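Okay, so here's the structure we're looking at.
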Amino acid sequence: MRLATWNINSLRLRMPLLQRLVEEEAPDIVCLQETKVHDDLFPLDAVKALGFEHVVFSGIKGYNGVAILSKLPLTNAGGHQWVGRTDGRHVFATLPNGTEVHSLYIPAGGDEPDPLINEKFDHKLKFVTELKDWFPANRDPSRPIVLVGDLNIAPYEADVWSHKQLLKIVSHTPVETEGLIAALDAFGWVDTIRNRIPEPEKVYTWWSYRGRDWRASDRGRRLDHIWATPSIASAIGSPKILKDARDWPQPSDHVPVLVTIDG
DNA sequence: ATGGTCGGTTGCCGA
């Protein structure tokens, strides 16, 4: 079974790129973030035409939006709304093998890393705190669960192009990285990407649109994650980070990350 | 120290 996660930055605009991903990598499950489409306008027919008969999505007008596209039947589909908002950041469903898959989109948090003057950063920190408590309160960590998505935090030094230069940049500040690792530890999640590619090897999944030559400067960050509970983590192989997708026509600023899951 | 580029609810906001 092949699973992909991708912040696609507008599903409707980049439907041809989704088709290319499906043709070249043959994922059975695609978890998307930033679909940027209201549920009423979700391109369900086009998604089904790519072979994904089983789809769960949660979207609002203009921004955010998450989805799970599957060639395998999905059961117990649902979602959760975070920090008291209804803003399309989380859906989940269960695969035929009993594994529950979650597609999550944590807020970016704005530019100023001070929750007292930046409401977006305050929202992000509250989100991460809720994340730490939600899975222990609502799920059994002995079950097979996979949590993927754009978590908008690069937790480790090798997850950014310059640890020192990004310490005060939102996505890599200590309050965020420590908060995300606390959420990871609270449920006993395995960070399956870092498990397979240990530090100090650099791993990035996002490169800014800003700047002339993203590949030459290579100022990336690992914002997209694949977490798993221990009972399924050992069945997850090395991630394939589709760096070349950053050069596809009209690309997303995030690239797809793929893993195989045995069973 | 600054500005740089995207997409969508466009002449701005969120990222």
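Please read these numbers as outputs of a predicted model, since none were measured by experiment. The basis for the numbers below is simple: all heavy atoms, side chains too, and nothing from hydrogens, waters or symmetry mates. We name chains A, B, ... by the order of the sequence lines, and we start the count at 1 in each one.
B/dT2 and B/dG7: their C1' atoms are spaced 24 Å apart (whole Å). Between the C1' atoms of B/dC12 and B/dA1, the separation comes to 25 Å (whole Å). Nucleotides B/dC6 and B/dG11, compared at atom C1', are 16 Å apart to the nearest Å. Nucleotides B/dT9 and B/dG3, compared at atom P, are 28 Å apart to the nearest Å.
Put simply, the side chain of A/Arg194 gets close to the backbone of A/Ile197: a donor and an acceptor are under 3.5 Å apart.
For the side chain to side chain donor-acceptor pair (under 3.5 Å) with A/His90, the qualifying choice from A/His102, A/His80, A/Gln33 is A/His102, the only one to do so.
Expressed to the nearest 0.5 Å, how far CG of A/Asp191 lies from CH2 of A/Trp227 amounts to 7.5 Å.
If you take CD1 of A/Ile60 and C1' of B/dG8, they are 12 Å apart, rounded to a whole angstrom. If you take CZ of A/Arg12 and P of B/dG8, they are 7 Å apart, rounded to a whole angstrom. In this structure, A/Trp207 atom CH2 and B/dC6 atom P are separated by 16 Å, rounded to whole Å. The distance from atom CH2 of A/Trp206 to atom P of B/dG7 is 15 Å, rounded to the nearest whole Å. Distance, A/Gln250 CD to B/dC6 P: 9 Å, rounded to whole Å. Distance CD1 (A/Ile169) to C1' (B/dT2): 12 Å, rounded to an integer number of Å. Spacing between atom CE of A/Met15 and atom C1' of B/dG7 amounts to 16 Å, rounded to whole angstrom units. Protein atom CZ of A/Arg212 is 13 Å distant from nucleotide atom P of B/dC6, rounded to whole Å.
Both A/Arg219 and A/Arg14 sit near DNA chain B, but only A/Arg219 has its closest nucleotide nearer the 5' end.
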Expected string for nucleotides 10-15 of chain B under the B/S/- scheme (protein heavy atoms, under 4.0 Å, primed atoms plus P, OP1, OP2 as sugar-phosphate) is ----SB
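Within 6.0 Å of the CG atom in A/Asp45, the count of heavy atoms belonging to other residues, nucleotides or ligands does not exceed 12.
Residue A/Ser208 places no side-chain N or O under 4.0 Å from the OP1 or OP2 atom of B/dT5.
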Taking it one step at a time, do A/Asn9 and A/Tyr209 satisfy side-chain hydrogen bond (donor to acceptor under 3.5 Å, both in side chains)? CA-CA 12 Å; A/Asn9 189 16; A/Tyr209 283 126; 3.0 Å; yes
Can A/Arg221 and A/Ser171 be said to form a side-chain hydrogen bond (donor to acceptor under 3.5 Å, both in side chains), step by step? CA-CA 9 Å; A/Arg221 305 178 200 170; A/Ser171 74; 3.1 Å; yes
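Under 4.0 Å is where a charged nitrogen must lie from a carboxylate oxygen, and between A/Lys124 and A/Glu176 at least one such pair does.
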